[in-house]
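Let me begin by presenting the structure, written as structure tokens, before commenting on it.
Each chain gets a letter, A, B and so on, in the order the sequences are listed, and its residues count up from 1.
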Amino acid sequence: SAVISQKPSRDICQRGTSLTIQCQVDSQVTMMFWYRQQPGQSLTLIATANQGSEATYESGFVIDKFPISRPNLTFSTLTVSNMSPEDSSIYLCSGLRAGPSSEQFFGPGTRLTVL
Amino acid sequence: GIQVEQSPPDLILQEGANSTLRCNFSDSVNNLQWFHQNPWGQLINLFYIPSGTKQNGRLSATTVATERYSLLYISSSQTTDSGVYFCAAATGANSKLTFGKGITLSVRP
């Protein structure tokens with residue numbers, strides 16, 4: 001299984017500010033994804049992080065609000081911009097390793113609270 | 001897109017009891033995974049099971065792809081089994097997982 005780390009593990013931020021979350025995978029993955037889990041809810045896919053090009057966003061998520069970078073195969077960042085209390089969630093990254101399996105592995109998540 | 005439904009939404013068990021959690025999905029899948037989310041929010045991979053049956057200790061899972069459902073069995077439940085269990089599925093080459101709403105399991109001592 002792939003080991004995925006995220007930084008920070010949690011943060012408390014003021015509205016109107018931005019936070020960048022880092023995701024590091026211990027081995028090369030073909031695909032990386034970012035998910036959001038609002039309080040008491042399930043996980044929703046934000047976007048697919050594409051290496052060296054713009055991320056592919058799901059309906060309801062836009063690049064201006066959630067800019068994503070993936071400069072190489074093992075690292076990605078998600079920025080939550082101009083935050084409001086509604087952005088308070090757990091943000092998780094996941095990776096899909098090369099090979100016949102489609103199994104995804106998730107990072108420990110970043111718990112964000114916006115005041 | 002694919003729809004994923006889990007049942008029951010909540011489950012309360014006495015320690016030592018067995019349980020079955022169900023996941024229905026609306027399309028053929030190339031990925032079906034079961035996760036346990038611990039109280040700290042981390043998703044623990046339980047099974048990658050787009051078809052067939054697997055067992056890992058007290059847990060086992062079966063996916064009947066032709067009938068579009070998967071079952072997670074927990075035997076001799078322990079208090080540490082408490083938490084939220086998610087089923088997630090993907091179809092096609094994009095590998096994007098769609099999660100069910102989760103099943104909240106409480107195991108009482």
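At a threshold of 4.5 Å between non-hydrogen side-chain atoms, the residues Phe33(A) and Ser95(B) count as touching. A 4.5 Å side-chain heavy-atom check between Leu97(B) and Tyr35(A) finds at least one atom pair inside the cut-off. The shortest distance between side-chain heavy atoms of Gln37(A) and Phe86(B) falls below 4.5 Å. Tyr48(B) has its side chain within reach of Ser102(A): a pair of non-hydrogen atoms, C-beta onward, lies under 4.5 Å apart.
A distance of 9.0 Å separates OG of Ser94(A) from CD of Gln33(B), quoted to the nearest 0.5 Å. For the atom pair CD1 of Ile49(B) and CD of Glu103(A), the computed distance is 11.0 Å after rounding to the nearest 0.5 Å. Distance NZ/Lys96(B) to CE/Met31(A): 8.5 Å, rounded to 0.5 Å.
Using a 4.5 Å cut-off between heavy atoms, Gln41(A) touches chain B through its backbone atoms (N, CA, C, O) alone. For chain B, the nearby part of Arg111(A) is the side chain; its heavy atoms alone come within less than 4.5 Å. With a threshold of 4.5 angstrom between heavy atoms, Leu43(A) approaches chain B through its backbone and through its side chain.
Transitive grouping of hydrophobic side chains (ILVMFWY, heavy atoms separated by less than 4.5 Å) keeps Tyr85(B) and Leu71(B) in distinct clusters. Residues Leu11(B) and Leu46(B) share a hydrophobic cluster, clusters being chains of Ile/Leu/Val/Met/Phe/Trp/Tyr side chains in contact below 4.5 Å. When the side chains of ILVMFWY residues are joined at heavy-atom separations under 4.5 Å, either directly or via intervening members, Phe105(A) and Leu96(A) end up in two distinct hydrophobic clusters. Both Ile4(A) and Met32(A) are members of a single hydrophobic cluster when ILVMFWY side chains are connected at heavy-atom separations under 4.5 Å. With hydrophobic clusters built from ILVMFWY side chains whose heavy atoms lie under 4.5 angstrom apart, Phe66(A) does not share a cluster with Ile90(A).
Applying the 6.0 Å contact sphere to CZ of Arg58(B) captures more than 12 heavy atoms from other residues, nucleotides or ligands. The environment of CD in Glu15(B) is crowded: more than 12 heavy-atom neighbours from other residues, nucleotides or ligands sit within 6.0 Å. The number of heavy-atom neighbours closer than 6.0 Å to NZ of Lys65(A), taken from other residues, nucleotides and ligands shown, is above 12.
With chain A as partner, the option from Val84(B), Asn30(B), Asn45(B) having the largest number of non-hydrogen pairs under 4.5 angstrom is Asn45(B).
Between Gly100(B) and Ser42(A), the shortest heavy-atom contact is O-OG, 2.5 Å.
For the 3.5 Å distance criterion, the side chains of Asn31(B) and Gln104(A) fail to qualify, holding no donor opposite an acceptor.
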